[in-house]
Amino acid sequence: MKFGHFDDKNREYVITNPQTPWPWINYLGNEDFFSLISNTAGGYSFYKDAKFRRLTRYRYNNVPMDSGGRYFYIKDEETTWSPGWKPCKTTLDKYECRHGMNYTSIEGVKNGVSAKVLFFVPLKTWAEVQKLTLKNNSSEVKKLKIFSFTEWCLWNAAADMENFQRNFSTGEVEIEGSVIYHKTEYKERRDHYAYYSVNVPIKGFDTDRETFFGLYNGFDEPQVVAEGNPTNTVAHGWSPIASHCIEVKLQPGESKDFVFVLGYVENAEDEKWESKGIINKTKAKETIARFDTAEKVVAAFDDLKKYWDNLLSIYNVNSGDDKLDRMVNIWNQYQCMITFCFSRSASYFESGIGRGMGFRDSNQDLIGFVHQIPERARERIIDIASTQFQDGGCYHQYQPLTKKGNNDIGGGFNDDPMWLILGTISYLKESGDFTVLDEMVPFDNDVTVARTLFDHLTVSFDHVVNNLGPHGLPLIGRADWNDCLNLNCFSNDPNESFQTTENKSEGTKAESLMIAGLFVIYGRDYIELCKKMGKSDEANRAQKEVDSMIVAVKQYGWDGEWFIRAYDYYGRKIGSEENEEGKIFIESNGWCTMAGIGKEEGLCEKALDSVKERMDTEFGIVLNNPAFTKYYIEYGEISSYPAGYKENAGIFCHNNPWIMIGETEIGRGDQAWEYYRKICPSYLEDISELHKTEPYVYAQMVAGKDSFKPGEAKNSWLTGTASWNFYAISQFILGIQPDYDGLKINPCIPTKWDGFEITRKFRGATYQIKVENPNHVSKGVAKVTIDGNLYKSNVLPLFKEGTTHSIVVELG
Ligand code: BGC
Ligand code: NOJ
């Protein structure tokens, strides 16, 4: 069953039934000011950091689902309704929500009146703009009352949910004209306030929540709206809100626009006040003035559209398959921008207060984003590297507002350092900008111990070398990529965190085959980089380490039919035929096959065959098999999940592309494609009632074959699945790979494909590439022509900036 459809021309998903199986959301803003918005206008806004600078309040896991947001109540005689159906839930004559690239428009029609709201954050603006268009399609004059609504959060979203003995006394607002200002804590330690304005005179306002709703009503029937009269309340403590009331008269056929601005301002210490107790509103007024007419809003919206036209023109495929094209050209790239901005901080599954930016997460997010805006990737790499420790270890997370490592979680995740090599190499290959390697980058944000970014890569490499276990394989530390394989945490206390508890790390023998694979791949990248930089001694040293790792993997990491996953604290195998449960895992088989370890001896092929036989399902590849059915204290969180969910044999979509890429390494394009299609959201649109999450973005996890409901997805949006799947399809299946000195063409496609076309902008030039597959093979480039001339390599050269070239590639 579907709840809408794709509109590819406009790059939108159009939801036509508001009762989606889960709120289907979108993100507004991609720089400093952000909002989450659901298809019924639920959600919230924040400045830079969803924990520390939350502007509007949102209650997660609420009843009913997704209650609270930016709402409009339209009172038309006795009927009150909302354009997004919620919160009033009055049956609408028409409902349509269009989620587009950083904007959402929601239209409701009731009794001859159409109300359409366009929500977006204009470029370089610290505000969400809401353009409400009301149109009278009836033959009578309509006299309407419009009530806007938003609820302020008292800034720190965690404290806002906890510290009520203080919070109920601190709230402060100011009202001037049609603007409601939220200034809680501004008089002491804050240099910022928020505001909510409308560009017309208002009949009145409310800022006291209890008065607006009445103590015993919900969002669906505020008392003030029911009575039809704003009461001009000025909040003192309790829970400040912002609601405007506007009276509108519409002749038959007439339409009117109203512009609301929900914004954020920071003032310097000596510019905070206009007069005693009265905030300085200059900056707010400047922003409001930039959007005080519908025309100005439309112009800003056009700018946003052009911005996305440009971003999405960099990688564009025409394969003849709409479902593939819309994912590659639009939605997957868009999701990569979102994961770049938010890491794992704020979604409808991530509360915005738990995690900030992840060291491993943000580095991986770059591989799907770097081609869009390399300069922002550069800045991010430096921010991330600044949270590394001198021994190469890393803070696992940092806060976007402060850019400082997060002490609550600390470090000790031994895969983390390797991802910095991936992030940096991806940037170098896309941009060709080697100056980044000379940037002086602090350790643990301490500038007195800054070293070059290249040195950070060296200590990353050495962190693995310096932390090897008894088999010469990498010690796992708290965990590798799989946060739930906690091999040094023997926890029997439900109040302990699996992520941070390490009861037994002294004398541990716990080693990770996944980090071994990572080390071989990014170690080779490090070696290649050293050679390019003329550091041949360092390259030789590193080569020896990588070679011994390969030997160790072959000797101690091969189980006979697949790669084992790890050794536990006691040095016993995990992910081996000899285990009762968890005999085989996806991660080590993905990484060791991507690394091509034992390819010549047929190990990769064997391992991938085992993956297919034991872990492939209708909805994707499960993480491990058989699922754990009891708690293994020596394995940790993985065995805490019910079978088939999350890291315990769920289909963890993030790691399916590792297998796809592994398949392309051995040339099996049909298999790689089948895996791609199984988890790709646009192919799942028809089963939305089962899949549940948005058909336009990847979810982190789909319930596996051992679960109660196989095929049901959770945790959409903020997942490494976005970047890894874009990486797999764009670079390994379609096979367009940025390289230091050119663009490498190396597709691995289904044999039945006749070919495809791609436009790729790279280092300032445009490559129009036509791949032909006359012999119906998967892999292998037989012939390349550039502008009609034969070219003897599949690495296309760099071209002069601003030029366009037509390339024909024949597979065979
Ligand atoms: C989840 C992991 C996540 C970890 C860290 C665990 O509960 O299963 O997916 O990475 O928490 O937040
Ligand atoms: C989600 C986390 O964000 C990521 O860092 C981790 O690798 C996966 N879960 C797997 O546990």
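All ligand and atom numbering here is 1-based and tracks the order in the structure. Computed from heavy atoms alone, side chains included, the values below leave out hydrogens, waters and symmetry copies.
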Enumerate the atoms of ligand 2 whose separation from the nearest heavy atom of [X] is less than 4.0 angstrom.
{"X": "Asn482", "value": "11 (O)"}
{"X": "Arg344", "value": "3 (O)"}
{"X": "Asp361", "value": "2 (C), 3 (O), 4 (C), 5 (O)"}
{"X": "Gln700", "value": "1 (C), 9 (N)"}
{"X": "Arg355", "value": "2 (C), 3 (O)"}
{"X": "Arg360", "value": "4 (C), 5 (O), 6 (C), 7 (O)"}

Could you tell me if [Y] and [X] have a donor-acceptor pair between their side chains, going purely by distance under 3.5 Å?
{"X": "Thr629", "Y": "Glu581", "value": "yes"}
{"X": "His396", "Y": "Asp416", "value": "yes"}
{"X": "Tyr645", "Y": "Asp706", "value": "no"}

Quiz item: Of Asn579, Ile584, Leu485, Asp559, which meets side-chain contact (heavy atoms from CB on, under 4.5 Å) against Arg565?
Solution: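 Testing Arg565 for a side-chain contact (heavy atoms from CB on, under 4.5 Å) against Asn579, Ile584, Leu485, Asp559 leaves exactly one candidate, Leu485.
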
[atom]: which protein heavy atom is closest, and how many Å away?
{"atom": "atom 11 (O) of ligand 2", "result": "Glu647 OE2, 2.5 Å"}
{"atom": "atom 11 (O) of ligand 1", "result": "Gln499 NE2, 3.6 Å"}
{"atom": "atom 8 (O) of ligand 1", "result": "Tyr641 OH, 2.6 Å"}

Quiz prompt | Heteroatom proximity flag, His396 to ligand 2, N/O under 3.5 Å | solution =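 Checking ligand 2 against His396, no N or O pair falls under 3.5 Å apart.
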
Exercise. Determine, step by step, whether Phe413 and Phe359 satisfy the ring-ring contact (aromatic ring centres under 6.0 Å, His included) criterion, reporting the C-alpha distance in whole Å, the side-chain angles of both residues, the deciding distance to 0.1 Å, and the verdict.
Key: CA-CA 10 Å; Phe413 296 80; Phe359 196 100; over 10 Å; no

Quiz item: Can you list the atoms of ligand 1 that are under 4.0 Å from a heavy atom of Gln700?
Solution: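 Matching atoms, with element in brackets: 9 (O).
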
Quiz prompt | Close-contact set for ligand 1 against Asp483 heavy atoms, below 4.0 Å | solution =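 That gives atoms 3 (C), 4 (C), 5 (C), 10 (O) of ligand 1.
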
Exercise. Decide whether the shortest distance between a heavy atom of Met701 and an atom of ligand 1 is less than 4.0 Å.
Key: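 Under 4.0 Å: no for Met701.
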
Practice problem: Tell me, please: is Arg344 in heavy-atom contact with ligand 1, that is, under 4.0 Å? | Solution: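 Arg344: no contact with ligand 1 (<4.0 Å).
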
Quiz item: With under 30° as parallel and over 60° as perpendicular, where do the rings of Trp481 and Trp658 fit, or are they tilted in between?
Solution: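 Perpendicular, since the angle between the ring planes exceeds 60°.
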
Quiz item: Donor-acceptor pair, Glu587 side chain versus Met514 backbone, under 3.5 Å?
Solution: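 No, Glu587 side chain to Met514 backbone: no donor-acceptor pair under 3.5 Å.
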
Exercise. Measure from atom 7 (O) of ligand 1 to every heavy atom in Glu637, Lys646, Glu647 and give the option owning the shortest one.
Key: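 Nearest option to atom 7 (O) of ligand 1, by heavy atoms: Glu637.
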
Quiz item: So which of Phe413, Trp419, Phe359, Trp481 gets nearest to atom 6 (C) of ligand 2, if we judge by its closest heavy atom?
Solution: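 Comparing heavy atoms across Phe413, Trp419, Phe359, Trp481, the nearest one to atom 6 (C) of ligand 2 lies in Trp481.
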
Self-check item: Under-4.0 Å salt bridge between Arg614 and Glu577
Solution: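 Looking at Glu577 together with Arg614, the answer is yes, because their closest N to O distance falls below 4.0 Å.
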
Exercise. Taking only Lys NZ, Arg NE, NH1 and NH2, and the carboxylate oxygens of Asp or Glu, determine whether Arg344 and Asp365 approach each other closer than 4.0 Å.
Key: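 Judged by the 4.0 Å cut-off on N to carboxylate O distance, Arg344 and Asp365 do form a salt bridge.
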
Self-check item: Within 45° cone and under 6.0 Å: Arg54 NZ/CZ vs Tyr44 ring
Solution: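 Yes - Arg54 lies over the ring of Tyr44, closer than 6.0 Å to its centre and within 45° of its axis.
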
Self-check item: Proximity to ligand 1 by part of Phe498, non-hydrogen separation under 4.0 Å
Solution: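 It is neither part, as no heavy atom is under 4.0 Å.
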
Quiz item: Taking it one step at a time, do Phe443 and Phe389 satisfy ring-ring contact (aromatic ring centres under 6.0 Å, His included)?
Solution: CA-CA 5 Å; Phe443 286 104; Phe389 302 116; 9.1 Å; no

